[in-house]
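Single-structure report; data block below.
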Amino acid sequence: MSRLTLACTLLVGTAAVAEDPAVAAARVRQEAVTTLVLEYQQVTRVFLPQTLARPATEAVASADNRIVLDGIRVRVEDNSPVMSTGGIFHRQQHISVFDGEETRTFFPRGIGAGESPVGIIHPREDRALMQIPRPLAMHFRGLKPEFGHDTIDRWQPTGRAMVIDGVNYPELEVQFKENLTRYWVDPTKGHVVHRVDSEHNGRLTRRETITYRQNPTGCVPGGWRDEVLRADGAPWQIHESTVTRLVVNGPVDAGEFRLEFPPGANVNDQKTHRELRVEADGHLRELTAEEMFGTPRQSTVRQW
């Protein structure tokens, strides 16, 4: 073997082995966790500015949520409220399921206040539609782009670091058009992500801070704080989540990933572009134009 061939072989071998520590750690976590049942409580605080109708105020609501993973299959139960323009929280519970082939979402209380239950059959097998919290997606499925986040193998080291409690947290980042996301990882805990900053056109818009606890499988998320920031840097929404139950690699019933819509639910089938209703016997009937839009009025020449 010539010296040149030997040198090339050594270089290729070195490049193959020299994987970024954060990527290698993410692969280990991902391969170690085949099934997961995680429950967490989320407390949402929204800071409302003063208006003519009300003083500056803080609205608070809490919700218990649940995530189930089994390989590529996913179930998300999200009870987090949404806020109306009037500053009032509305409970908008939804359940999303990916069974390995199809993604479905169900709103048991409807999408708006006082509406009938609504189901959606999504046009593609998209787990990003389920909105798994980013700290969980990064930790347990960090190299899976279908879970709706920038995968860890796309992050680029910046050479900078942040010192927190005497520990150097290396900084990595990923840029997409005008959006820049920075990540700080903890080398003392298997390169788990401690903080995430999101910027848009150079302005910090969101900050997430993640805490961890020890589990028989290693270091796992214990909670996270997600701040949505105003232009002046002050938070206007804060979501604080605490993990209340975690089962790793335990048995998961296949029924977790089956989602049947109940009688009376309206179903938007985005695959076939049809609006349906579940009848009492469970079959899906296509809605008529009158049912969807109401009885059409007769237009007169004067109205035209």
Side-chain angles (χ1 to χ4, degrees), residues 15 18-30 40 42-47 49 67 74 76 78 80 82-83 124 126-212 219-241:
E19 185 175 51
D20 186 277
V23 177
R27 180 170 287 106
V28 170
R29 291 194 301 269
Q30 185 171 283
Y40 66 98
Q42 177 178 296
V43 177
T44 298
R45 297 160 58 201
V46 179
F47 303 94
I67 308 288
V74 185
V76 175
D78 192 334
S80 302
V82 294
M83 176 167 281
R124 60 188 185 279
D126 195 343
R127 275 147 282 182
L129 294 168
M130 301 182 177
Q131 301 176 348
I132 297 175
R134 181 158 59 176
L136 302 181
M138 288 190 306
H139 189 84
F140 295 108
R141 296 294 185 264
L143 300 176
K144 296 286 187 181
E146 57 267 34
F147 282 83
H149 63 97
D150 291 315
T151 53
I152 294 175
D153 54 342
R154 293 186 56 209
W155 303 357
Q156 298 297 316
T158 65
R160 299 185 293 268
M162 177 187 299
V163 179
I164 304 174
D165 296 330
V167 177
N168 267 351
Y169 286 72
E171 180 189 85
L172 301 97
E173 67 179 22
V174 62
Q175 177 94 41
F176 178 70
K177 296 183 179 179
E178 65 272 17
N179 299 304
L180 174 66
T181 308
R182 304 180 192 274
Y183 305 86
W184 287 268
V185 299
D186 187 345
T188 68
K189 296 179 180 177
H191 293 86
V192 296
V193 181
H194 172 69
R195 195 171 102 180
V196 184
D197 280 3
S198 301
E199 298 180 10
H200 178 76
N201 285 331
R203 181 177 78 81
L204 183 63
T205 59
R206 181 180 175 190
R207 170 166 290 167
E208 293 172 277
T209 305
I210 309 162
T211 58
Y212 294 86
C219 196
V220 295
W224 56 94
R225 177 185 173 94
D226 183 3
E227 301 177 66
V228 184
L229 307 174
R230 293 193 179 98
D232 62 0
W236 75 276
Q237 284 188 34
I238 297 178
H239 309 280
E240 292 185 286
S241 300

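Since the structure is predicted, the reported quantities are computational estimates derived from the model, not experimental observations.
The distance from atom CD1 of Ile238 to atom CG of Leu229, rounded to the nearest 0.5 Å, is 8.5 Å. In this structure, CZ on Arg225 lies 4.5 Å from CD on Glu227, to the nearest 0.5 angstrom. For the atom pair NZ (Lys189) and OG1 (Thr211), the distance works out to 8.0 Å, reported to the nearest 0.5 Å. In this structure, the separation between CD1 on Ile132 and CG on Asp78 is 11.0 Å, given to the nearest 0.5 Å. To the nearest 0.5 Å, the span separating CD on Glu208 from OH on Tyr183 amounts to 8.5 Å. Rounded to the nearest 0.5 angstrom, Arg203 CZ and Asp232 CG are separated by 9.0 Å.
The closest donor-acceptor contact from the side chain of Tyr212 to the backbone of Val193 lies under 3.5 Å. Under the 3.5 Å distance criterion, the side-chain polar atoms of Thr151 are left unmatched by any main-chain donor or acceptor of Pro145. Judged by distance alone, the side chain of Gln30 and the main-chain N or O of Leu143 form a donor-acceptor pair under 3.5 Å. Under the 3.5 Å distance criterion, the side-chain polar atoms of Ser198 are left unmatched by any main-chain donor or acceptor of Thr205. Proximity of a side-chain donor or acceptor of Trp155 to a complementary backbone N or O of Asp150 within less than 3.5 Å is detected.
In this structure, Gly190 and Arg29 approach most closely via the heavy-atom pair O-NH1, 3.2 Å. Between Pro235 and Arg230, the shortest heavy-atom contact is O-NH1, 3.6 Å. Nearest approach of Pro157 to Asp20, heavy atoms of both residues: CG-OD2, 3.6 Å. When all heavy atoms are compared, the tightest approach of Phe47 to Gln237 is CD1-N, 4.5 Å. Minimum interatomic distance between Val167 and Pro187 (heavy atoms only, all atoms of both residues): CG1-CD, 4.4 Å. When all heavy atoms are compared, the tightest approach of Trp184 to Tyr169 is CD1-O, 3.4 Å.
Considering Arg206, Lys177, Arg207, Arg182 as possible partners of Glu199, the one that fulfils the salt bridge (Lys or Arg N to Asp or Glu O under 4.0 Å) test is Arg182.
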Step-by-step side-chain contact (heavy atoms from CB on, under 4.5 Å) determination, Arg27 to Glu19: CA-CA 11 Å; Arg27 180 170 287 106; Glu19 185 175 51; 2.4 Å; yes
Residues Leu180, Glu173; criterion side-chain contact (heavy atoms from CB on, under 4.5 Å); working and verdict: CA-CA 7 Å; Leu180 174 66; Glu173 67 179 22; 3.8 Å; yes
Stepwise side-chain contact (heavy atoms from CB on, under 4.5 Å) test for Phe140 and Phe147: CA-CA 10 Å; Phe140 295 108; Phe147 282 83; over 6 Å; no
Residue pair His139, Ile210: steps toward the side-chain contact (heavy atoms from CB on, under 4.5 Å) verdict: CA-CA 10 Å; His139 189 84; Ile210 309 162; over 6 Å; no
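Under a 4.0 Å N-O distance rule, the pair Glu240/Arg45 qualifies as a salt bridge.
Side-chain atoms of Leu172 and His191, non-hydrogen and from C-beta on, never get closer than 4.5 Å to each other. With a 4.5 Å cut-off on side-chain heavy atoms, Arg195 and Met162 count as touching. Side-chain contact between Ile67 and Pro133 is present, with heavy atoms from C-beta onward closer than 4.5 Å. For the pair Pro221/Leu136, a side-chain contact is recorded, criterion being any heavy-atom separation below 4.5 Å from C-beta on.
Side chains of Glu171 and Thr158: a donor on one and an acceptor on the other come within 3.5 Å.
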